[in-house]
Amino acid sequence: MDPFGKYIKAVSARAADKEILKKAQDGGIVSAAYIYGLENGLLDGVIIADKEDGFAAAPKVATTREEILNAAGTKYTVCPNLSVVKSAVREYGCDKLGFVGTPCQVRSIRKAIKYPVGYRHVPDKIALIMGIFCMENFPYNGMKAIVEEHCGIKMDDVVKTDIGKGKFWVYSKWGDVKTIPLKDTHPYEQGSCHVCMDYTAELADISTGSVGSPDGWSTIFVRTAKGEEYLNKMVEAGALETKEIDAVKPGLGLVEKLALTKKEKNGKEVEHRKEIGLPVPY
Amino acid sequence: MVKVAHVQLSSCCGCLVSLADTYEQLLDVLGAIDLVYSQTLADVREIPDDVDIVLLEGSVCLSDHHAMEVALESRKKGKILVALGACAASGNITRFSKGNQMSKPVHDSFAPLTEVVKCDLAIPGCPPSPESIVAVVLAALNGDMEYLEPYAELAKYGSEACGCDLIVKVINKSLCMGCGSCAAACPTRAVSMDAGRPLVDKEICIKCGACSVQCPRIRFPELIEKIE
């Protein structure tokens, strides 16, 4: 099974800007790409997953560095990023829109571009599609159960969540750090994630995620000519620091392992659904 | 030159406006086709014989024999009959017609074209985006059947559509991952996102089908996987 989908090259990278690194989840790739794009005229608006009260996520259209930095970091909860794409074009007047999403959302935007039945004047405005590695996602109340019931931290007090080293981590604004084993979070995943066969956002221009790179760095897959051109500009301008992916640990082997784990597990679920006569995404 | 006719039944002209809204692409389209009939854009009174592509917008009023005749004539004269827009594809807002409307109170039954005659392709949406109309016409010109397959399926099975599709076909089947594609596609803003799931306001939904057609979990044609 093909673990990553088509890609031109893979690198390990982090933002050069210290302020981005301070706020970012890992290497700050999405924030760096967005800020670089806005400040250099490659983008005039970007979709972000903003943090709301109670550490909920909500999609917003951002046009400034501050908005992007405020939204930085992973929320691990559902955020309908596609839902604001049309208002970005109509209300914000964006001509060069940056989009970021989970692998399923990247698939959605690709479908909207190829089959734009209800997306008048949107397809040609999408300037960059970024995808983030994703194993599964939680509905907000599932996430709340994990954080409040299992970790004993109020959602209003959460400043950061993270998944790593087999655990789900919650950081509170009072300095508490709580974890639960990742296996205990599985019952709270949204069921629809279990038919997804995409770990590394295979249809994005640029995909990124922490897995495969050292702490504070991110792994990047460059998949399209557009993505390659964009990334090269960022590297030339000094907005990104990069390393050969073969030179870092744990490297692509771990990404491959996780991607195949997702594909094999969810492939079985897809087969099971077919057996009992349930529809599968096709 | 490929002969194209634009035919209108019970409709608002929105699909035609959408076709004209292609800006410079319209010139490509008009340059590639011979527009042999269009009551708004061409001065022709009769649909000519042997039209390659008939784009028919609007639903068919079953209590109006003229409408029935035009529907049958379009089928007979067009090699490819396209149900253009939600009224022709799935009924759209005309699904709510129940007679007594002015100026003809006896008109009470409106059916989408796909229910009256066999259609080859159906493009839903109210109106469908200019990009989708151009893409379908160009694909039909080039014989790109792979691209057209979803539109051919809609012509066959797409006779009903509304925001309920999201609940019945996606959420109830444990397929919705909350991307928001449906909410953006909705032309009337009947679909909003609530806790990562679509919430449909039935008072505003016009049954155009854009939300479910746009959903990647109902249909994800393989060719989308090819990116460059």
Side-chain angles (χ1 to χ4, degrees), chain A residues 5-6 56-59 77-88 101-102 104-124 129 136-141 190-196 202-205 223-227 273 278-282, chain B residues 18 21 23 86 89 123-136 147 150-151 154 169-171 173-187 189 191-198 208-211 213-228:
Chain A
K6 207 185 88 173
T77 181
V78 182
C79 186
N81 283 4
L82 260 284
S83 65
V84 296
V85 164
K86 212 150 78 177
S87 52
T102 50
C104 54
Q105 293 179 340
V106 168
R107 283 171 179 267
S108 299
I109 193 96
R110 285 285 180 201
K111 180 173 177 183
I113 292 170
K114 198 80 182 172
Y115 286 94
V117 168
Y119 281 80
R120 174 177 164 264
H121 296 334
V122 169
D124 58 328
I129 301 175
E136 68 271 312
N137 207 348
F138 304 104
Y140 180 74
N141 280 332
Q190 57 174 356
S192 58
C193 293
H194 299 155
V195 294
C196 175
E202 295 175 14
L203 304 187
D205 292 317
R223 300 185 183 277
T224 62
K226 197 194 248 183
R273 284 180 66 104
L278 278 173
V280 291
Y282 75 114
Chain B
S18 197
D21 191 19
Y23 298 121
I123 317 176
C126 183
S129 71
E131 291 90 347
S132 62
I133 300 173
V134 170
V136 168
Y147 181 80
Y151 295 108
L154 288 163
K169 294 182 183 169
V170 200
I171 300 171
K173 301 292 186 293
S174 187
L175 287 175
C176 181
M177 64 339 196
C179 69
S181 177
C182 47
C186 179
R189 300 192 183 208
V191 185
S192 53
M193 295 303 288
D194 180 37
R197 292 290 179 268
C208 74
C211 51
V213 167
Q214 212 67 70
C215 178
R217 286 297 177 97
I218 292 182
R219 184 77 164 92
F220 195 81
E222 215 172 300
L223 64 94
I224 301 172
E225 309 256 358
K226 291 176 202 149
I227 54 164
E228 283 167 19

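Chain naming here is simple, since letters A, B, ... match the order of the sequence lines and numbering starts at 1 in each. Bear in mind the structure is a predicted one, so any value in this text is a computation, not a measurement.
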### Task
Using non-hydrogen atoms and a 4.5 Å limit, figure out which bit of A:Lys114 sits close to chain B: side chain, backbone, both or neither.
both
### Query
Non-hydrogen atoms of chain B under 4.5 Å away: do they reach the side chain of A:Pro279, the backbone, both or neither?
both
### Query
Between A:Tyr119 (side chain) and B:Ser181 (backbone), is there a donor-acceptor pair under 3.5 Å?
yes
#### Entry: Engaged part of A:Leu278 at the chain B interface, taking heavy atoms whose separation is under 4.5 Å
side chain
### Query
Between B:Cys208, B:Ser174, B:Ala135, B:Pro198, which residue shows the highest count of heavy-atom pairs closer than 4.5 Å to chain A?
B:Ser174
### Message
With a 4.5 angstrom heavy-atom cut-off, is it the side chain or the backbone of B:Met177 that approaches chain A, or both, or neither?
### Response
both
#### Entry: CD1-NZ distance between A:Ile129 and A:Lys226, expressed to the nearest 0.5 angstrom
6.5 Å
### Query
Which residues satisfy the ring-ring contact (aromatic ring centres under 6.0 Å, His included) test with A:Tyr115, sequence neighbours excluded?
B:Tyr147, B:Tyr151
### Heavy-atom proximity to chain A below 4.5 Å, by part of B:Ile227
both
### Summary
Shortest non-hydrogen pair, A:Asn81 vs A:Gly101, comes out as ND2-CA, 4.2 Å
### Query
When rounded to the nearest 0.5 angstrom, what is the spacing between CG in A:Leu203 and CD in A:Gln105?
13.0 Å
#### Entry: Greatest number of heavy atom pairs closer than 4.5 Å to chain A - which of B:Pro150, B:Cys126, B:Ser192
B:Pro150
### Message
For the backbone of B:Leu175 and the side chain of B:Arg217, can you confirm whether one donor and one acceptor N or O come within less than 3.5 Å of each other?
### Response
yes
### Query
Considering only heavy atoms, which portion of A:Ala204 lies under 4.5 Å from any heavy atom of chain B: side chain, backbone, both, or neither?
backbone
### Task
Please flag which part of B:Cys211 lies under 4.5 Å from any non-hydrogen atom of chain A: side chain, backbone, both or neither.
neither
#### Entry: Contact origin within B:Pro127 toward chain A - heavy atom pairs under 4.5 Å
backbone
### Largest heavy-atom contact set with chain A, pairs under 4.5 Å, which of B:Met193, B:Arg219, B:Glu228
B:Arg219
### Message
For A:Asp205, give me all partners under side chain to side chain donor-acceptor pair (under 3.5 Å), at least two apart in sequence or on another chain.
### Response
A:Arg110, A:Thr224
### Query
Between A:Lys86 and A:Gly118, is there a donor-acceptor pair closer than 3.5 Å when you use the side chain of the first and the backbone of the second?
yes
### Task
Could you check which of B:Pro187, B:Cys176, B:Ala195 has the highest count of heavy-atom pairs closer than 4.5 Å to chain A?
B:Cys176
### Task
Check each atom of A:Val122 against the heavy atoms of chain B and say whether the ones under 4.5 Å are side chain, backbone, both or neither.
backbone
### Task
Heavy-atom distances under 4.5 Å only: say whether B:Cys215 touches chain A with side chain, backbone, both or neither.
backbone
### Task
Specify which of A:Ser83, A:Gly227, A:Ser87 makes the most heavy-atom pairs with chain B at under 4.5 Å.
A:Ser83
## Note on the structure
Separation between SG (A:Cys104) and CD1 (A:Ile109), nearest 0.5 Å, reads 12.5 Å
### Task
Answer with side chain, backbone, both or neither: which region of A:Asn137 has an atom nearer than 4.5 Å to a non-hydrogen atom of chain B?
neither
### Message
Is it the case that the side chain of B:Glu225 and the backbone of B:Glu222 share a donor-acceptor pair, with hydrogens and angles ignored and the cut-off at 3.5 Å?
### Response
no
